[in-house]
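Single-structure report; data block below.
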Amino acid sequence: MNRRDILDALRDPAAGKTLFAEADRVRREYCGDEAQLRGVVHFSNHCSCDDLYCGLRKSNHTIKRFRMSEDTIVDTGLAIAAAGLRTVVLQSGEDAYYTRERVCSILRRLLDQADVAVTLSLGERSPDDLRAFRDAGAGRYLMKHETMNPELYARMRPGRTLAERLRALTEIRALGYQTGVGNIVGLPGQTLDALADDILFFQEFQPDMVNIGPFIPDGSTPLGDEPAGDIELMLRVFALTRIVTRNTHLAAANTVATLDPDQGQYRALVQGGANVIMPNCNPFVQSRKDKIEYEFQITTKKRYVSVDEAKNVLARAGRTIGSSRGESLKMQGAAHD
């Protein structure tokens, strides 16, 4: 698609019906009716970044921080495998406590005991770290680019640049990882032109996976009083992304369920062309007051979808749950790619 067509679709809510039908057709043709469940372990909410939109930002002194032990991370990954999920996603803030040696140990211990694929989502790491993680068995890496507008990126992520992010994504792909990217829809100051740039990036980069989520204000951040992203616009971004990437795995994130708990992920599946849900699989360690110890609050009152809830959403959408590891359809050389 060209920029003009993308902008026309983003500007016109009335275009949604036709756009959603086309996204669903493309999803069915290139991905089929099988969907992927990928269990996420949020193992640390410490972060060296100070992103304005993120509750994990280092300047947030109200959040209760946690780090899982290596044993807990491995045990949680094994529980995900025992539940029948074939992908474990290990996600954290940018936390230097988890050194190259620690991450590699976690990977080896988990993969020695479970036949699963592992996706890492640890932020920007050195090429040597990334190579070591790959050698230890991680086959996928998810790192959202957030926005393709350099000025907006620099404003939202003080001290960071879009050029650095894109360089890191290029390194990840060059190391042979199945590479995931993604954006945020509704960032304060974001224009439709900026969203068009995101979709054109998806079209050019052709990632193995895309994770799209809405902006949701967190009261502990400088953007706490800003409005949340618009769900109709977000769904049009989903649909356009499916159309331009064809067989990319497209995830309906937990933030989609936060924006619309009843219909968000369902609509992303049936209208936006999504084919992946990543339920939260953190262990629920409860005190006498029923407080969750391992709470990864990127945004206020984030909705964490359980495995059972994810299965129910997929059933409503008429999808079957894949029994394979859900490898990249692009790397498999799918017939239509």
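Hydrogens, waters and symmetry mates are skipped; everything else that's a heavy atom, side chains included, is used.
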- prompt: Any sub-3.5 Å donor-acceptor pair from Gln265's side-chain atoms to Ala310's backbone N or O?
  reply: no
Ala35 to Arg319 - nearest heavy-atom pair and separation: CB-CB, 4.0 Å
message: I want to check a possible cation-pi pair here: Arg125 against Phe133, using under 6.0 Å from ring centre and within 45° of the ring axis as the test.
response: no
task: Decide side-chain contact (heavy atoms from CB on, under 4.5 Å) for Thr221 and Asp218; before the verdict, give the C-alpha distance in whole Å, the side-chain angles of both, and the deciding distance to 0.1 Å.
output: CA-CA 6 Å; Thr221 70; Asp218 184 306; 3.7 Å; yes
task: Treating Ile, Leu, Val, Met, Phe, Trp and Tyr as nodes and any side-chain heavy-atom pair under 4.5 angstrom as an edge, say whether Val276 and Val41 lie in one connected cluster.
output: no
- line: Scanning both residues in full, the closest heavy-atom pair of Cys47 with Leu56 reads CB-O, 3.6 Å
field: Ser306 OG to Asn254 CG distance, which is reported to the nearest 0.5 Å
entry: 10.0 Å
message: Side-chain heavy atoms nearer than 4.5 Å, only ILVMFWY residues, links allowed to pass through others: does that put Leu78 and Val89 together?
response: no
Audit row: Arg167, Glu164, salt bridge (charged side-chain N to carboxylate O under 4.0 Å, His left out) steps and yes/no: CA-CA 5 Å; Arg167 189 179 308 117; Glu164 291 169 345; 5.4 Å; no
- request: Would you confirm whether Arg57, through its side chain, and Asp51, through its main-chain N or O, come within 3.5 Å as a donor-acceptor pair?
  value: yes
field: Contact summary for Asn60 and Ser220, nearest pair of heavy atoms
entry: ND2-OG, 2.9 Å
- prompt: Between Arg65 and Asn45, is there a donor-acceptor pair closer than 3.5 Å when you use the side chain of the first and the backbone of the second?
  reply: yes
- prompt: When you measure from the side chain of Thr255 to the backbone N and O of Thr258, does any donor-acceptor pair fall under 3.5 Å?
  reply: no
Residue pairs involving residues 248-277 (criterion salt bridge (charged side-chain N to carboxylate O under 4.0 Å, His left out); sequence neighbours excluded): Glu232-Arg267
- request: Would you give the length of the straight line joining atom CD of Gln178 to atom CD of Glu327, rounded to the nearest 0.5 angstrom?
  value: 4.5 Å
- request: Test the Arg160-Tyr153 pair against the cation-pi criterion, namely NZ or CZ under 6.0 angstrom from the six-membered ring centroid and within 45° of the ring axis.
  value: no
message: Evaluate Gln203 against Thr245 for side-chain contact (heavy atoms from CB on, under 4.5 Å), listing each step before the verdict.
response: CA-CA 6 Å; Gln203 181 171 256; Thr245 62; 6.0 Å; no
message: What's the separation between atom CG in Leu329 and atom CG in Asp208, rounded to the nearest 0.5 Å?
response: 9.0 Å
task: Applying side chain to side chain donor-acceptor pair (under 3.5 Å), run through Asn183 and Lys144 and close with a yes or a no.
output: CA-CA 6 Å; Asn183 68 334; Lys144 295 173 71 170; over 6 Å; no
query: side-chain contact (heavy atoms from CB on, under 4.5 Å) between Asn280 and Val305: does it pass, once the steps are laid out?
result: CA-CA 6 Å; Asn280 172 54; Val305 176; over 6 Å; no
query: About how many Å separate CD of Glu146 and CE of Met156, when rounded to the nearest 0.5 Å?
result: 11.0 Å
- prompt: Would you say the side-chain atoms of Thr76 pair up with the backbone N or O of Thr72, donor to acceptor, closer than 3.5 Å?
  reply: yes
message: Please say yes or no: joined through hydrophobic side-chain contacts below 4.5 Å, possibly via intermediate residues, are Leu130 and Leu142 part of one cluster?
response: no
field: Under 3.5 Å donor-acceptor, Asn2 side chain and Asp5 backbone
entry: yes
field: Quiz item: cation-pi between Arg173 and Phe205, 6.0 Å / 45°
entry: yes
query: When you measure from the centre of the six-membered ring of Tyr266, is the NZ or CZ of Arg316 under 6.0 Å away and within 45° of the axis?
result: yes
field: Single-linkage hydrophobic cluster Met209~Phe201, side-chain heavy atoms < 4.5 angstrom
entry: no
- prompt: Should Leu122 and Gln91 count as side-chain neighbours, where that means a heavy-atom distance under 4.5 Å?
  reply: no
message: When you measure from the side chain of Thr248 to the backbone of Leu250, do you find a donor-acceptor pair of N or O atoms at a distance under 3.5 Å?
response: no
message: If you apply the rule ring-ring contact (aromatic ring centres under 6.0 Å, His included), what do you find for Phe43 with Phe66, and how did you get there?
response: CA-CA 8 Å; Phe43 63 87; Phe66 72 85; 8.8 Å; no
Sidechain-backbone polar pair: Arg3 side chain, Ala196 backbone, donor-acceptor under 3.5 Å: no
task: Determine whether the aromatic ring centres of His145 and Phe202 lie less than 6.0 Å apart.
output: yes
- request: Run the numbers on Asp135 and Arg131 for salt bridge (charged side-chain N to carboxylate O under 4.0 Å, His left out), then give the verdict.
  value: CA-CA 6 Å; Asp135 291 344; Arg131 190 174 296 108; over 6 Å; no
- prompt: When rounded to the nearest 0.5 angstrom, what is the spacing between CG in Asp193 and CG in Asp198?
  reply: 11.0 Å
- line: Looking only at heavy atoms, the pair that brings Ile199 and Val244 closest together is O-CG2, 3.8 Å
field: Worked verdict on Arg325 versus Gln36 for side-chain contact (heavy atoms from CB on, under 4.5 Å)
entry: CA-CA 8 Å; Arg325 288 157 48 120; Gln36 299 295 321; over 6 Å; no
task: Could you go through the side chain to side chain donor-acceptor pair (under 3.5 Å) check for Asn275 and Arg242 one step at a time?
output: CA-CA 10 Å; Asn275 70 322; Arg242 169 55 69 205; 3.3 Å; yes
- request: List the atom of Leu52, the atom of Pro158, and the distance in Å for their closest heavy-atom pair.
  value: CD2-CG, 4.1 Å
- prompt: Can Ile216 be reached from Ile277 by stepping across I, L, V, M, F, W or Y side chains whose heavy atoms are under 4.5 Å apart?
  reply: yes
- line: Heavy-atom nearest pair, Pro127 first then Leu175, reads O-CD1, 4.1 Å
message: Does Asp225, at its CG atom, have more than 12 non-hydrogen atoms belonging to other residues, nucleotides or ligands within less than 6.0 Å?
response: no
- prompt: Between the side chain of Thr119 and the main-chain N/O of Arg140, is any donor-acceptor distance below 3.5 Å?
  reply: no
From CA spacing to verdict: salt bridge (charged side-chain N to carboxylate O under 4.0 Å, His left out), Arg246, Glu29: CA-CA 9 Å; Arg246 300 179 297 174; Glu29 179 179 354; over 6 Å; no
- request: Evaluate salt bridge (charged side-chain N to carboxylate O under 4.0 Å, His left out) for Asp50 paired with Lys58, printing each intermediate quantity in order.
  value: CA-CA 5 Å; Asp50 217 15; Lys58 66 181 180 181; 5.5 Å; no
- request: Output yes when a side-chain donor or acceptor of Thr179 lies under 3.5 Å from a complementary backbone atom of Tyr177, and no otherwise.
  value: yes
- prompt: Once you round to the nearest 0.5 Å, how far does CG of Leu195 lie from CD1 of Ile6?
  reply: 10.5 Å
